[in-house]
Amino acid sequence: MSNKAKRACDRLLGKGYILIVSEKPKAGAAISKALSSEVTECRESGVPYWIIELRGKRYVVASTAGHLFSLFTRKRGFPVFEYEWVPRWEAERGASHLKKFYRVLSKLAKGASQYINACDYDIEGSVIGYMIINMLGNGSKSYRMKYSSLAPEELRSAFSSLSDMGWEMIEAGICRHELDWIWGINVSRLLSWVTRLAGEKRILSSGRVQSPTLTEAVDRYIDYMTFISTPKFSLKVELRADEDKISATHEESPFDNREVAKRKKENILKGKKGIITSAERSLSSIRPPPAFNLSELQYEASRIFGFSPSYTQRLAEELYLDALISYPRTNSEKLPSTIHHEKILSELSSMENYRSIAISILKTGKLSPVQGTKEDPAHPAIYPTGKRPSGLKRDSYKLYDLIARRYMAAFMDEAKIERVEFHIRAGGENLIAQAKSILKRGWTLSYPFSIGREKRINVKEGSELKVSSARISSVLPGKPKMHTKVSLLKWMETENIGTEATRAQIIDTLFKRGYLIYGKDGVKPTKLGMAVTMFLKEKLPDITKTELTRQFEERLFRIRKGEEKREDVVWEARRFITEELERAVNMEAELRDFMKMYLRPEVKCEFCEMPALEGGLCLIHHRALIGLADAIEKWEAAFNEDRDKVLAKIAKSTSVGKAIRDVAKGVIEKRIIL
DNA sequence: GCAAGGTC
Ligand SMILES: [Zn+2]
C-alpha cells in the first residue's frame, strides 16, 4: 500500500467511525462490499480493513482471524481454577500471526464511537466479537449483526436490523470455554502427574472430546481383537449360458450347518444343469446426494482418493483462500437460492471438463438443487465459486473436481437402476442370481463415484444353464471393522462431539500424544493409549463418556435461554472437579500402581505385553477366552466336528480376532484351559 | 505443557 493511500486511510479514521468486527478477512470484505459500492480498502502489516460511508456515517469494517483471546494460567499444579483471558499471540506458541491482527484491531477499537459484532452468528462468533470489543474497545455502545450467509442482500438486511449484543449467547460461549478448560487442564495435569509417579515423564492430555474418541478407538480395537461368532456356510454356484458366466447363491444360503450345505452342493453338482424359472424385475431411482459439508467431503476424499481428514481439510482451506470454493468448515448440506447458481454454472460451463454437464443443467431452466438435512447456523454447503482454477497441485485439483462435480450433481436428475433377480432350479435346488443395469445415468454422469458396477446377465426365463462349479465357504457374520481416521471422524459426528473445524485436528492430537498409531488394518491403541484409557475408565469414569457433552450442552442451552447463570454452572463444575481430583490424590499409591502396571507390567499376559489381570491373561485375552468358551459348542455343531478339530480351525481362521486365535492355540498347546 | 474452539 502506498504512503499516500495510507495517509488517506488515517485521515478518514481521524474523523470518527463505527467499528464493525468480522470473524475473518473474507467476511469483512463481503460485508463492506455488500453495504457500499465505494469502499476504501486499507491495509496495515498485511491486515486489511475497509472504510465506507452510509447515510452520512462512517464505518470501518475490520477483521480478526478467529479467536484472538484465550484462557490462560500462570499457575502450575492442580487443581487449578485461576485463569484469565489473554491475547493468544502472547500465550501460545504458533499464534504469532495473530499479533498483527491484535495491533490493528487495538488501534481501530480505541477510536470507535460504536461497535457492531458481525462475527459468525453462533456461540463462538459471539465470544470472538465480544472479547475484541470488550478487551480492546473504549466502552462505547455495541450491537450485534446476525446473518447466516455472506449473500449481499442478507448482509444488507442484517445490517439494517441490528440487535443487542446477545449477552446470553456470549455467556454460554464463555462458559463453554471455561468448562472445557477446567476439565481439560486439570485432568491432563492429573494424568501427567500419575504417569510421572509411575516413573515416566511425559505430557499427557485428556478432554471432553478427545477422551471419548480415544475410548471409542480402544473399544473398537478390543472388539476387533476378540471377535468370534457362530459360523454360517454360504453356497455359491458358478453356471454358464453360452458365453455368459453367472454367479448364483443358494436361496437358503448362508446355512447354519455345513452338512446341510454339503448335501445341497452335491445335489447341484449331480444335476449338472440348471434352468431359469423366473426373472423378477425391479426399478429404483436414486436421488442425487446433496452438496458437501466438511465431514462428507472428508469421508468421500478418503474413500475415493485415500486422503486423511486433516489433509482434505488443509487442501479445502487452501481452495477457499484462493476463492475457488466457498467456506469449507460448514456442517450444512443446503444450497440456498441466494447463491447465484446460474452464474456459477455458466462459469463452470466455460471449463472443458464440466462444459457438457453444466450446459445440460442450465438448459433445463430450473435450478433447484437437492437439499440435505444437515444445517449450519453460519454457512451454506460447500460449492465452487465459478473462479477458474489454475496452477493447482494434483491433489488440490482432485479435491476441487470432487466438489465441483458434487455441486453440479445436486441439480441433476435421479439415476435409474434396474435390478433383476433370476431364479434358477438346479439339481432340485433353488438358486438366485442378481443382475443390475443402469437405465439412466442422471446425476452420476457428474459424480460417478457412488453408483457401483453394472452386472449384466443375458438370459431369460426358460434359458438352460450348465453348472460349472459349486463352493461352500464358512462366514462369520458381524465382524467389526477397525477404525480409520475418517471412521473415527464420522463417529464423532454421529455422537455430535467436536466441530467441523476441530474433529480432524483432535484425531491428529491423539496420534501426536502417542495414544494411537496406524496398524495395517486401521487405527490401534499404543501401550500408552491403552494405559490412559483404562485409567480414565476405571479411575475417572465420568470423563470418558459423551454423556458429559450432553450435560454440557443442556446447561449451555439453559444459559442461552437466560434460565441459568454462567457463574453457577462454572462453580458446580469446579466443585465437582475438586472432589474428583481430591479423591484421586487420596489414592495416590493406588493410581500410581495402576498406571505402572499398564506401562511396565510386572506380570505379563500369557500372550502379549499387557499386564496379566486374571488367570495369567490381560483384559483382551481374558475376554477372548470367554468368547471362545461361549462359541466353541456352536462351532462344533455347525461343522459337526469334535473339539480338537474345531480348535485347530479357529486357531488358523483369519475371520476371528487375533486374540481368539491366540487363546485357541494356547488351549491346543495346553498353556491354558478352556 | 495440558482443552476445544476459531482461522492464516
Ligand atoms: Zn494379552
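Keep in mind that this is a model prediction, so the values were computed, not measured. Letters go in sequence order (proteins before strands), and every chain restarts at 1.
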If you look only at distance, which donor and acceptor atoms sit under 3.5 Å apart when one is on a side chain in residues 389-400 of chain A and the other is two or more places apart or in another chain?
{"from": "A:D395", "atom 1": "OD2", "to": "A:Y311", "atom 2": "OH", "distance (Å)": "2.6"}
{"from": "A:Y397", "atom 1": "OH", "to": "A:N353", "atom 2": "ND2", "distance (Å)": "2.9"}

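For the pair A:K141 and A:Y143, the cation-pi criterion (under 6.0 Å, within 45° of the ring axis) is fulfilled.
Residues A:C119 and A:S22 share a closest heavy-atom pair of SG-C, 3.8 Å.
Aromatic rings of A:Y320 and A:Y327 (six-membered ring for Trp) have centroids within the 6.0 Å cut-off, being under it.
In this structure, of B:dC2, B:dC8, B:dG5, it is B:dG5 that holds the atom nearest to the side chain of A:R208. Of all nucleotides listed (B:dC8, B:dG5, B:dC2), B:dC2 comes nearest to the side chain of A:I185.
One interatomic measurement links the two molecules: CG of A:L179 to C1' of B:dC2, which rounds to 17 Å at whole-angstrom precision. In this structure, CD of A:E178 is placed 21 Å from P of B:dC2, rounded to the nearest angstrom. Between the P atom of B:dG1 and the CH2 atom of A:W181 lies a distance of 14 Å, rounded to the nearest Å. Atom P of nucleotide B:dT7 and atom CG of A:L294 are separated by 11 Å, given to the nearest angstrom. Computed from coordinates, the A:K201 NZ to B:dC2 C1' distance equals 15 Å when rounded to whole Å. Here B:dG5 presents its C1' atom at 16 Å from CD1 of A:I170, a figure rounded to the nearest Å. Between A:Q210 atom CD and B:dG5 atom P there is a gap of 11 Å when expressed in whole angstrom units. Distance A:I132 CD1 to B:dT7 C1': 12 Å, rounded to the nearest Å.
Note on A:T64: nothing from the nucleic acid sits closer than 4.0 angstrom, heavy atoms only.
Remark: the A:T338 side chain and the A:E154 side chain contain no N/O donor-acceptor pair separated by less than 3.5 Å. Between A:Y115 and A:N138, the side chains place a donor N or O and an acceptor N or O closer than 3.5 Å (distance only, hydrogens not considered). With 3.5 Å as the limit, one finds a donor-acceptor pair spanning the side chains of A:S126 and A:R144. No side-chain donor from either of A:Q298 and A:T312 sits under 3.5 Å from a side-chain acceptor of the other.
DNA chain B is contacted by A:T499, A:A501, A:T502, A:Q505, A:I506 of residues 499-510 of chain A, taking any non-hydrogen atom closer than 4.0 Å. Within residues 90-106 of chain A, the residues that have a heavy atom under 4.0 Å from DNA chain B are, in order of number, A:R93, A:H97, A:L98. A heavy atom lying under 4.0 Å from DNA chain B marks the following residues of residues 310-332 of chain A, by number: A:Y320, A:L321, A:Y327, A:R329. Near DNA chain B, meaning a heavy atom under 4.0 Å from it, residues 551-585 of chain A has no residue at all. Taken residue by residue, residues 120-127 of chain A places heavy atoms nearer than 4.0 Å to DNA chain B at A:D120, A:E124.
A:S96 meets the side chain to side chain contact (heavy atoms under 4.5 Å, CB included) test with no other residue; sequence neighbours excluded. With sequence neighbours excluded, no residue forms a side chain to side chain donor-acceptor pair (under 3.5 Å) with A:K524. Residues meeting the side chain to side chain contact (heavy atoms under 4.5 Å, CB included) test with A:T509, sequence neighbours left out: A:Q210, A:R513. By the side chain to side chain contact (heavy atoms under 4.5 Å, CB included) test, A:A378 is found to be paired with A:D120, A:D122, A:D376, residues two or more places apart in sequence or in another chain being considered. In this view, A:K75 and A:T73, A:V80, A:E82 satisfy the side chain to side chain contact (heavy atoms under 4.5 Å, CB included) rule, not counting sequence neighbours.
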>> side chain to side chain contact (heavy atoms under 4.5 Å, CB included) for A:I507 and A:M492? Distances and angles first, verdict last.
In response: CA-CA 10 Å; A:I507 291 170; A:M492 295 167 87; 3.8 Å; yes
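Between the side chain of A:R76 and the base of B:dG1 there is no donor-acceptor pair of N/O atoms closer than 3.5 Å.
Checking A:G77 against A:E23, the closest nucleotide of DNA chain B that is more toward the 5' end is the one next to A:G77. Mapping A:I203 and A:H379 onto DNA chain B by nearest heavy atom places A:I203 closer to the 5' end of the strand.
Below 30°, between 30° and 60°, or above 60°: for A:W167 and A:Y130 the angle between ring planes is above 60°, a perpendicular geometry.
The side chain of A:R513 places an N or O atom within less than 4.0 Å of a non-bridging phosphate oxygen (OP1 or OP2) of B:dA3.
The shortest side-chain heavy-atom distance between A:L197 and A:M595 does not fall under the 4.5 Å cut-off.
Screening residues 567-576 of chain A for side chain to side chain donor-acceptor pair (under 3.5 Å), with sequence neighbours left out, gives A:R555-A:E572.
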